[in-house]
S.K.: 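Would you mind keeping the following structure in view while I ask a few things?
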Number of protein chains: 2
Amino acid sequence: MQAANNRTLKNTLREHELKATTQRVALLKLLESTQEHFDAEEIYLQLRAGQKNVSRATVYRSLEALVEQCLVSKLDFGDGRMRYELSRGEDDHHDHLICEICGKVIEFFNLEIEAQQIAICQENGFTPSTHTMLIFGTCAECRKLG
Amino acid sequence: MQAANNRTLKNTLREHELKATTQRVALLKLLESTQEHFDAEEIYLQLRAGQKNVSRATVYRSLEALVEQCLVSKLDFGDGRMRYELSRGEDDHHDHLICEICGKVIEFFNLEIEAQQIAICQENGFTPSTHTMLIFGTCAECRKLG
DNA sequence: TTCTAAATGAGACTGAATTGCACTTGCAGT
DNA sequence: ACTGCAAGTGCAATTCAGTCTCATTTAGAA
């Protein structure tokens with residue numbers, strides 16, 4: 001949404017004890033500029049297309065560091081590639097509807113489901129840390145076209 | 001649970017238009033004998049340990065065929081390997097709690113969550129086909145030991 | 001028993017992700 | 001600003017799950 005400038009991005013990185021390298025700033029900037037869920041290769045290609053010199057290894061290592069600092073979320077849509085999205089803070093949890101036709105991703109959050117999850121964990125003496133919920137199917141647009 | 005004999009397993013395969021090869025029978029028998037969620041490599045090694053000659057390619061191809069026939073479910077626990085479990089029929093849907101310490105998997109089913117999922121899909125004009133829900137955390141035993 | 005489409009085995013191959021190592025750079029301390 | 005060096009990067013080699021090719025074998029119908 002808001003286009004944070006490089007200074008802000010650098011500060012964000014430093015606040016999380018990460019060196020503010022040009023590669024990391026460019027990567028964060030890219031993720032900030034989109035609502036899409038890119039995979040590592042797409043991020044690599046986008047950065048290259050934007051005249052940034054980055055290697056794949058750096059993309060992977062930077063993403064790992066950003067995920068570790070909770071600045072970025074790593075998503076597994078079950079197709080063999082991990083996706084990444086900027087996380088909007090600690091309390092930004094949401095789950096995903098994924099269109100099997102066009103690949104579109106719709107985010108959602110449901111308090112009732114979250115509550116039930118906690119209840120289920122309690123029933124099983126289980127202490128939850130994270131959870132993921134994916135609903136696959138067909139989005140409205142693809143349904144019309146189909 | 002019940003130990004179906006080879007004859008039954010062969011019939012099951014034939015009912016699903018799959019040739020009842022020794023490899024497939026052995027694979028089904030293995031899955032039937034456990035509540036664990038093996039990955040392909042574990043299945044391959046178990047079959048080999050049981051003096052069955054099977055190749056990795058056959059394990060993968062057989063699992064694919066069995067999943068296609070809904071005799072087996074393919075599960076993605078997000079660690080880069082797919083797990084497989086015998087499915088107990090069309091209406092056997094359940095989700096999973098996964099212990100991050102010991103790897104134990106607890107199955108659960110919650111009608112309220114299922115209902116909410118349907119509601120969410122309707123709100124978004126989304127037609128669901130399948131869904132997965134994983135809750136990661138620490139199981140009761142590991143919590144005690146921790 | 002014979003025939004043949006389907007299935008298998010062995011190993012080459014793919015694609016995402018990781019690693020080793022030499023080189024570069026952000027930045028803290030002067 | 002300059003310097004030192006740990007942290008970060010680039011490249012290429014490697015790993016690892018899974019897929020594919022193709023020659024050989026086999027289930028099961030005729």
Side-chain angles (χ1 to χ4, degrees), chain A residues 6-30 37-48 50-69 71-72 74-84 103, chain B residues 6-28 30 37-48 50-69 71-72 74-84:
Chain A
N6 289 3
R7 180 125 306 285
T8 309
L9 293 178
K10 284 188 177 179
N11 287 340
T12 304
L13 285 165
R14 293 191 187 116
E15 283 159 18
H16 290 268
E17 304 188 320
L18 295 173
K19 272 194 185 178
T21 65
T22 55
Q23 291 84 347
R24 286 174 180 172
V25 171
L27 201 167
L28 269 186
K29 205 170 194 172
L30 170 63
H37 298 79
F38 290 134
D39 63 38
E41 184 68 13
E42 286 167 336
I43 291 168
Y44 169 70
L45 292 175
Q46 295 264 349
L47 291 176
R48 294 236 130 193
Q51 316 305 319
K52 313 288 180 185
N53 66 317
V54 191
S55 67
R56 277 192 189 76
T58 295
V59 169
Y60 280 105
R61 282 184 293 224
S62 297
L63 286 170
E64 183 185 31
L66 293 168
V67 168
E68 183 123 12
Q69 291 300 316
L71 291 172
V72 168
K74 185 177 184 177
L75 309 172
D76 181 354
F77 290 169
D79 63 352
R81 296 170 282 162
M82 294 295 163
R83 312 305 169 95
Y84 299 88
Chain B
N6 289 3
R7 180 125 308 284
T8 309
L9 293 178
K10 283 187 179 180
N11 287 339
T12 304
L13 285 165
R14 292 191 186 116
E15 283 159 18
H16 290 268
E17 305 188 321
L18 296 173
K19 274 193 185 178
T21 63
T22 55
Q23 292 83 349
R24 287 174 180 171
V25 171
L27 202 166
L28 269 186
L30 170 63
H37 298 80
F38 290 134
D39 62 37
E41 184 68 13
E42 285 167 338
I43 291 169
Y44 169 71
L45 292 174
Q46 294 264 350
L47 292 176
R48 295 236 130 193
Q51 314 305 319
K52 312 291 180 184
N53 66 318
V54 192
S55 67
R56 278 192 187 77
T58 295
V59 170
Y60 280 104
R61 284 184 292 221
S62 297
L63 286 170
E64 184 186 30
L66 292 168
V67 167
E68 183 124 10
Q69 291 300 317
L71 291 171
V72 167
K74 185 177 184 178
L75 309 172
D76 181 355
F77 289 170
D79 63 351
R81 296 170 282 163
M82 294 296 164
R83 313 305 170 93
Y84 298 87

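Side chains included, hydrogens not; waters and symmetry mates left out as well; all remaining heavy atoms used. Here is how names work: the chains are called A, B, and so on, in the same order as the sequence lines, proteins then strands, and each is numbered from 1.
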S.K.: How many whole angstroms separate atom CG of L63(B) from atom C1' of dT19(D)?
M.R.: 14 Å

S.K.: Applying side chain to side chain donor-acceptor pair (under 3.5 Å), name anything that partners Y44(B), two or more places apart in sequence or on another chain.
M.R.: R48(B)

S.K.: Kindly say if T58(B) contacts the phosphate of dG9(C), meaning a side-chain N or O under 4.0 Å from OP1 or OP2.
M.R.: yes

S.K.: Who are the side chain to side chain donor-acceptor pair (under 3.5 Å) partners of T58(B), not counting sequence neighbours?
M.R.: S55(B)

S.K.: Can you give me the closest heavy-atom contact between D76(B) and G78(A), atom names plus distance?
M.R.: OD2-CA, 3.4 Å

S.K.: For D39(A), enumerate each residue passing the salt bridge (Lys or Arg N to Asp or Glu O under 4.0 Å) test, keeping only those at least two apart in sequence or located in another chain.
M.R.: R81(A)

S.K.: Once you build an axis from the first five pairs and another from the last five of the helix from dT1(C)-dA30(D) to dT30(C)-dA1(D), how far apart in angle are they, to 10 degrees?
M.R.: 40°

S.K.: List the residues meeting side chain to side chain donor-acceptor pair (under 3.5 Å) with T22(B), not counting sequence neighbours, and say none if there are none.
M.R.: none

S.K.: Start with the C-alpha gap between Y84(A) and L66(A), add the side-chain angles, then the distance that decides, and say whether side-chain contact (heavy atoms from CB on, under 4.5 Å) holds.
M.R.: CA-CA 10 Å; Y84(A) 299 88; L66(A) 293 168; over 6 Å; no

S.K.: Any salt bridge (charged side-chain N to carboxylate O under 4.0 Å, His left out) involving residues 14-26 of chain A? Give me the pairs, sequence neighbours left out, ordered by first then second residue.
M.R.: none

S.K.: For R83(B) and dG18(D), give me the distance from atom CZ to atom C1', rounded to whole Å.
M.R.: 15 Å

S.K.: What's the shortest heavy-atom distance between V59(B) and L27(B), and which atoms?
M.R.: O-CD1, 4.2 Å

S.K.: At their closest point, which heavy atom of L13(A) faces which heavy atom of A20(A), and how far apart are they?
M.R.: CD1-CA, 3.9 Å

S.K.: Round to a whole Å and report the spacing from CG of L47(B) to C1' of dG9(C).
M.R.: 14 Å

S.K.: Once you round it to whole Å, what is the distance between P of dG8(D) and CG of L28(A)?
M.R.: 14 Å

S.K.: Could you list the residues that satisfy side chain to side chain donor-acceptor pair (under 3.5 Å) with N11(B), not counting sequence neighbours?
M.R.: none

S.K.: Base, sugar-phosphate, or nothing: which does D39(A) touch, judged by heavy atoms less than 4.0 Å apart?
M.R.: nothing

S.K.: Whole-Å distance between dT25(C) P and R24(A) CZ?
M.R.: 15 Å

S.K.: Name the pairs: protein N/O against N/O of nucleotides 18-24 of chain C, kept only if under 3.5 Å.
M.R.:
| residue | atom | partner | partner atom | Å |
| --- | --- | --- | --- | --- |
| dG20(C) | O6 | R61(A) | NH1 | 3.2 |

S.K.: Please give, in whole Å, the distance from dA17(C) C1' to R81(B) CZ?
M.R.: 15 Å

S.K.: Counting only side-chain N and O atoms of S55(B), is one of them less than 4.0 Å from OP1 or OP2 of dG11(C)?
M.R.: no

S.K.: Rounded to whole angstroms, how far apart are CG on D79(B) and C1' on dA17(D)?
M.R.: 11 Å

S.K.: Rounded to whole Å, please give me the gap between CD in E17(B) and C1' in dA5(C).
M.R.: 14 Å

S.K.: Using a heavy-atom cut-off of 4.0 Å across all strands, would you classify R48(B) as base, sugar-phosphate, or nothing?
M.R.: sugar-phosphate

S.K.: Who pairs with A26(B) by side-chain contact (heavy atoms from CB on, under 4.5 Å), at least two apart in sequence or on another chain?
M.R.: L47(B), K52(B)

S.K.: Which pairs, with at least one residue in residues 54-68 of chain A and sequence neighbours excluded, count as a salt bridge (charged side-chain N to carboxylate O under 4.0 Å, His left out)?
M.R.: E41(A)-R56(A)

S.K.: One character per nucleotide, please: for nucleotides 24-30 of chain D, 5' to 3', B when the base has a protein heavy atom closer than 4.0 Å, S when only the sugar-phosphate does, - otherwise.
M.R.: --BBS--

